[in-house]
S.K.: 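My structure is below; once you've seen it, I'll send some questions.
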Amino acid sequence: MIPGPTNWMRARAGGRSGIGDPALVAVAGLLTVLGIAMIYSAGQVELPSAVSGVWRRQLVWAVGACGAFYLASRVPLRWLEWASPWLYAASICLLILVLVIGTGPNTRSWLSFGPVNLQPAELAKLATILMLARDLTGHESSRQRLAGVWRPLAIVLAPFGLVLVQPDLGSALIFSVILICALVWAGVPLASIFLLLSPAVSLVLGFSAVVWGVWFVAVVAFLYLRRTFALEAVAVGAANLAAGALTLPLWNSLAEYQQNRLLVFLNPGIDPRGAGWHLIQSKVAIGSGGWFGYGYGNGPQKRLAFLPEQHTDFIFSVVGEELGFVGVVAFLLLFAWFLSRVLRVARRSTNEFGSIAAFCLFGVWTAHVAINVGMTVGLMPVTGLPLPFLSYGGSFLFMLFAGLGVVSRVGAER
Amino acid sequence: MNTPHTPPRDAADSVLRTRGRAASLVLFAIIGILIAAFFRLQVLRSSGFALRSVENRLRAIPIPAPRGGIYDRNGRLVAENIPGYSISILPGKVDSVRATLDRMAPYLGLSEQEREALLTKFRRFRHLPLPVKDNVGFEQVAAIEERRPEFRRAVIEMQPRRYYPAGRAIAHVIGYVSEISEAELERPEFEGYEAGRVIGKAGIERQYQHVLGGTPGVSYVEVNARGSIVSEFGPRPNVSPVPGQDIVLGLDLSLQEYVDSIFPEGERGGVVALDPRTGEVLVLYSHPTFDPNEFVGGISARLWNTLRSDPDQPLLNRVSYAAYAAGSTWKLVISTLGLRNGVFTIDSHMPTSCRGALQYGTRAFRCWKREGHGSLDLSEAIKQSCNVFFYQAGLRLGLDALTAGADALGFNRKSGLDLPVERAGFYPPGREWYDRRYGRRGWTESVVLNLSIGQGETQQTLIKMAQFYTALATGESPIVPHLLRNEAMEGRRVEWSLELPEERRLELVQALTRVVNEPGGTAYRHRLNDVLLAGKTGTAQNPHGPPHSWFLGFAPAYDPRIVVAAIVEYGHPDNQAALAVPVATRLAARYLGVTRPADAVATTPILPDTAPPVARPAEPIALRALPPPPSPRAFPSPAAGPEALAEEAAR
């Protein structure tokens with residue numbers, strides 16, 4: 001059942017128990033406390049609002065999430081590796097279930113259990129990471145070939161497709177990040193990753209025949225120069241052809257509101273009253289913060305409810321408005337420190353399964369930070385991806401802490 | 001990649017080391033880009049966003065400026081500001097605003113349509129408090145205040161409210177104030193005015209809006225994203241309003257109220273009195289009237305419709321806007337032109353003496369006195385108002401001299417009164433006009449006969465005729481009549497004068513005194529004790545009913561201090577009573593502080609006792625003989641004229 005060299009056994013022998021990297025846990029704890037403080041501030045508005053009390057719920061979630069962290073950090077990696085297919089299967093079932101009985105404000109992405117809403121996509125991210133890590137452990141030589149990575153591709157495509165039809169574009173993006181990170185960290189040649197992703201690029205470029213044609217020629221040339229196996233080359237070429245040809249029919253099969261959602265996703269400026277409004281208000285809030293901000297709790301844009309989603313997606317705008325550039329840099333450096341600690345765990349780990357899992361988590365969280373923070377200043381599309389530790393939301397916090405527990409365990413087992 | 005000498009694991013390790021470093025670089029590149037983006041936004045472009053942030057949450061709310069007071073010549077208040085209340089509803093969901101409105105309706109007397117109109121307005125300005133009613137009485141405020149828990153969204157504010165103590169008596173002078181309309185906002189005269197501002201809508205309030213109105217201040221309040229006011233103290237200081245200036249009118253309010261009390265009830269007409277020495281309007285009264293206080297802060301639709309559809313037209317200003325045939329008061333114009341042109345003198349007799357009618361061509365033009373006046377000189381003809389004499393005087397003058405002379409005396413122009421709306425008088429400008437109207441062969445010189453007695457194709461306003469009699473009274477170019485008491489106003493004179501030697505003018509004045517003070521004069525018994533009143537009655541024929549009753553006069557005759565003019569529509573019902581005469585003469589007596597003889601009663605027969613009562617005065621035959629006008633537009637706005645209006649009313 002457990003394949004590959006016994007690195008993890010060596011690690012087990014010489015590994016430490018406990019929480020692995022104390023600095024990592026310390027900075028995570030600090031970010032959690034600061035996050036709840038920012039959610040509290042986000043609730044200080046002049047309008048009677050449900051947001052006012054959510055910091056208490058977030059506090060409860062955080063306590064529960066600490067439990068998840070503890071449990072995850074106590075589970076030996078081999079148990080986790082063994083359990084990952086079951087976790088993966090369960091999360092796929094939940095993702096199918098959510099399409100049937102799901103609820104949610106815009107998309108069917110929540111499962112309601114009384115007062116608690118769960119986002120199966122969050123669980124699926126962790127489960128997919130573990131499943132990929134398990135699948136990519138060992139088989140180094142086979143991974144050198146393009147055909148050797150069809151299984152990771154299939155593992156990711158299932159949840160990817162399921163969140164895409166919710167539709168939850170942000171999560172779909174994260175699944176792509178997971179796949180890329182796993183392949184990168186499993187030592188798959190960059191050329192293979194490039195060829196694997198080339199149909200996706202074709203799908204986007206298919207809108208313009210000329211641009212797509214140039215891309216296709218480039219892909220073919222690349223296949224020729226790399227001397228890829230004929231069957232693989234044909235498969236990649238066919239996939240690119242199909243993707244490019246399918247673009248327009250697929251696009252036209254979408255309802256107008258779905259097309260609009262995709263267009264707004266790419267360019268919020270075309271919807272100045274919806275997503276564009278959010279972006280404008282966010283930029284005004286951040287820009288008016290200046291060097292030192294209006295002071296904790298005093299941001300007028302937030303206080304007067306001009307800032308939308310100020311406790312979830314746009315909480316970093318509150319940081320920008322109230323704590324200014326100085327506060328923003330402090331938060332970003334904390335994130336950088338935290339993420340580099342996660343990366344350090346991935347790099348130092350001798351357990352291949354754990355290392356890949358940790359690297360994927362590093363990639364996911366980095367993507368969350370980059371997209372969420374970039375979104376508040378207009379660098380990234382408005383996707384609704386939460387900011388780790390700061391955005392209000394139970395499912396995400398739980399999975400964040402569970403993932404943190406896994407990283408800690410990886411760090412502990414070395 | 002797979003070098004044979006290196007174990008695969010180590011090769012993979014070296015790849016991973018490279019990729020780990022690359023991942024580290026990517027992380028710091030991302031953080032670096034983000035910091036750079038925030039630096040650009042928060043440091044480089046901060047001031048612009050700070051301004052946006054302030055603009056986002058500040059709303060400029062106008063503070064109304066207190067309106068200037070209006071005083072009469074004796075310092076009595078004509079218009080003042082009294083404490084009033086306004087009720088508005090805070091913005092929110094349409095349904096909750098509607099519910100509040102519905103609950104308020106019984107206390108404020110809001111009809112279904114008014115509520116719908118308010119909701120429509122609210123939907124257009126979703127972020128502003130909805131003003132429900134401006135002019136709320138204390139009882140209504142108390143009723144709302146008692147049920148405060150029901151009306152949590154209601155805002156009750158003190159707001160100065162315009163009040164006209166004299167009410168109905170001064171309605172047509174003062175006008176009223178109300179919220180500026182959207183059409184008015186677009187006019188150049190209201191440039192810089194904002195929606196919701198209260199302005200003068202008519203009369204003096206409108207005419208002197210720029211003096212009375214002041215400049216509104218601005219209060220900056222902080223609002224939230226839904227537009228609700230969060231704080232009264234925004235980051236910007238408030239701008240105080242500049243109060244409007246007080247103005248003083250030449251009007252005598254007690255005299256005005258006196259006229260209101262003596263004007264015959266149930267009749268329609270107008271009264272104006274001027275001080276000929278200053279041009280000040282002492283009285284300007286139109287009847288029936290309305291209460292301008294009901295217009296303040298928005299008139300109810302029901303009352304507005306009642307006023308608009310009232311056949312008596314209370315909104316019409318019968319002094320400056322209604323135009324009538326001048327009737328016999330016009331005979332002084334003929335006299336003036338004749339004396340000026342030297343075609344007759346005060347002692348002249350006309351070739352044909354009055355036998356009750358004058359044969360001209362194939363038609364007989366009647367005098368009001370069937371049995372005739374006999375042969376009269378000009379002075380006697382004025383005294384007795386003999387039509388036959390003036391038919392011949394007009395013929396002797398000729399159509400060209402008549403039309404040119406009337407035009408030179410300003411009868412085709414406005415008086416220049418300082419009210420927003422005035423109708424210009426109309427007198428046919430010449431032969432070409434008749435040719436256009438009736439065709440080259442469609443009319444004869446007989447039109448002169450009608451024009452000579454103020455009938456036919458002419459319409460004059462009361463203020464216009466009063467201006468002419470002011471010229472008769474003083475001999476100078478009259479000062480343009482004005483309501484505002486102001487020295488600059490007194491320097492403005494009309495551009496015409498009688499151009500009559502003083503001696504000739506005094507002869508006419510003497511004739512006018514005989515009208516009132518000698519037995520046989522048409523206004524005998526309306527003389528005043530101690531003061532010599534000069535005046536002229538008029539009986540203006542009209543096709544819709546009994547003739548209109550006119551009186552124009554001034555006193556004391558040789559040192560005039562007041563010019564009075566009155567008209568009562570159909571005020572000459574049975575040839576027994578001329579309703580305008582007592583109103584005008586009593587007004588003059590009151591102003592001059594003199595009494596009237598015991599035999600002068602409110603409405604007296606104007607005919608000498610010896611004259612047998614005539615059932616109905618004959619209409620000038622020529623009037624009936626006139627062909628119908630080719631197009632209603634050829635005659636100056638007949639549709640809006642009082643005749644047409646009266647005609648509508650009669651149907």
Side-chain angles (χ1 to χ4, degrees), chain A residues 5 7 45-47 140-141 143-144 181 184-187 189-190 280-281 283-291 293-294 299-301 303-308 320-321 324-326 328-329 332-333 335-336 339-340 343-344 346-347 352 355 359 362-363 366-367 369-370 373-374 376-379, chain B residues 1-2 6-59 92 221-231 234-235:
Chain A
N7 293 341
V45 288
E46 301 280 351
L47 288 174
E140 265 141 72
S141 52
R143 269 183 261 131
Q144 297 303 313
C181 287
V184 164
W185 207 244
L190 293 178
I280 291 163
Q281 297 300 337
K283 282 170 90 167
V284 169
I286 292 168
S288 65
W291 276 102
Y294 287 90
Q301 286 280 116
R303 194 159 52 78
L304 302 170
F306 284 98
L307 202 56
E321 186 181 30
F325 181 64
V326 172
V328 165
V329 169
L332 288 178
L333 290 180
F335 274 119
L339 292 168
S340 60
L343 181 61
R344 185 168 168 271
R347 288 174 75 177
E352 201 175 6
S355 181
F359 188 79
F362 160 79
T366 304
V369 170
V373 175
T376 62
V377 288
L379 286 180
Chain B
M1 206 175 274
N2 281 340
T6 326
R9 184 66 249 176
D10 291 349
D13 279 349
S14 92
V15 165
L16 287 196
R17 265 198 298 281
T18 315
R19 291 186 181 183
R21 271 198 298 277
S24 214
L25 277 178
V26 166
L27 171 65
F28 286 106
I30 286 171
I31 298 294
I33 288 168
L34 288 177
I35 287 176
F38 276 83
F39 183 79
R40 175 163 167 270
L41 216 58
Q42 294 194 286
V43 178
L44 301 183
R45 290 169 61 192
S46 178
S47 54
F49 282 112
L51 192 67
R52 287 271 303 269
S53 171
V54 169
E55 282 167 0
N56 236 352
R57 59 205 157 92
L58 280 195
R59 293 283 181 285
V221 298
E222 202 174 24
V223 297
N224 63 24
R226 287 190 217 152
S228 309
I229 294 169
V230 172
S231 161

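Quick note on labels: first sequence line is chain A, next is B, and so on, each numbered from 1.
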S.K.: Would V369(A) and I30(B) count as a side-chain contact (heavy atoms from CB on, under 4.5 Å) here? Give the steps.
M.R.: CA-CA 9 Å; V369(A) 170; I30(B) 286 171; 5.8 Å; no
S.K.: Minimum heavy-atom separation for F49(B) to V284(A), with atom names?
M.R.: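 Closest approach of F49(B) to V284(A): CD2-CA, 3.6 Å.
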S.K.: V329(A) versus F38(B): any side-chain heavy-atom pair under 4.5 Å?
M.R.: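 No. Closest side-chain heavy atoms not under 4.5 Å.
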S.K.: Go through the atoms of F39(B) and report whether side chain, backbone, both or neither lie under 4.5 Å from a heavy atom of chain A.
M.R.: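 Contact with chain A is through both the backbone and side chain of F39(B).
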S.K.: Measure the spacing between CZ of F335(A) and CG of L27(B) and express it to the nearest 0.5 Å.
M.R.: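 These two atoms lie 11.5 Å from each other.
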S.K.: Compare every heavy atom of G187(A) with every heavy atom of L16(B), then report the nearest pair and how far apart it is.
M.R.: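 Here L16(B) and G187(A) meet closest at CD2-N, 4.4 Å.
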S.K.: Name the member of I33(B), V26(B), L41(B) that forms the most heavy-atom pairs with chain A at distances under 4.5 Å.
M.R.: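 Looking at each option in turn, the highest pair count goes to L41(B).
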S.K.: Identify the heavy atoms of R17(B) and R347(A) that sit nearest to each other, and give their distance.
M.R.: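 Smallest interatomic distance, heavy atoms only, reads O-NH2, 4.0 Å.
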S.K.: Any donor and acceptor pair, going by atom type alone, linking the side chain of S46(B) with main-chain N or O of S288(A) inside 3.5 Å?
M.R.: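 Looks like no, no N/O pair under 3.5 Å.
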S.K.: Determine, step by step, whether L379(A) and L34(B) satisfy the side-chain contact (heavy atoms from CB on, under 4.5 Å) criterion, reporting the C-alpha distance in whole Å, the side-chain angles of both residues, the deciding distance to 0.1 Å, and the verdict.
M.R.: CA-CA 9 Å; L379(A) 286 180; L34(B) 288 177; 4.2 Å; yes
S.K.: When heavy-atom pairs shorter than 4.5 Å are enumerated against chain B, which of S355(A), G324(A), G374(A), G320(A) gives the highest number?
M.R.: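 Most pairs with chain B among the choices: G324(A).
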S.K.: Give the minimum heavy-atom separation between F28(B) and A336(A), together with the two atoms involved.
M.R.: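 Smallest interatomic distance, heavy atoms only, reads CE2-CB, 4.1 Å.
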S.K.: Of the non-hydrogen atoms in F359(A) and A23(B), which two are nearest, and what is the gap between them?
M.R.: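 Reported closest heavy-atom pair: CE1-CB, 3.7 Å.
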S.K.: Quick one: of Q42(B), R45(B), R40(B), who has the most non-hydrogen atom pairs under 4.5 Å with chain A?
M.R.: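 Between Q42(B), R45(B), R40(B), the count favours Q42(B).
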S.K.: Checking V328(A) against chain B: side chain, backbone, both or neither under 4.5 Å from a heavy atom?
M.R.: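 Looking at V328(A), just its side chain touches chain B.
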S.K.: Is it the side chain or the backbone of L343(A) that comes within 4.5 Å of chain B heavy atoms, both, or neither?
M.R.: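 Contact with chain B involves the side chain of L343(A) alone.
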S.K.: I'd like to know which of V373(A), T366(A), T376(A) tops the heavy-atom pair count under 4.5 Å against chain B.
M.R.: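 Answer, by heavy-atom pair count under 4.5 Å with chain B: V373(A).
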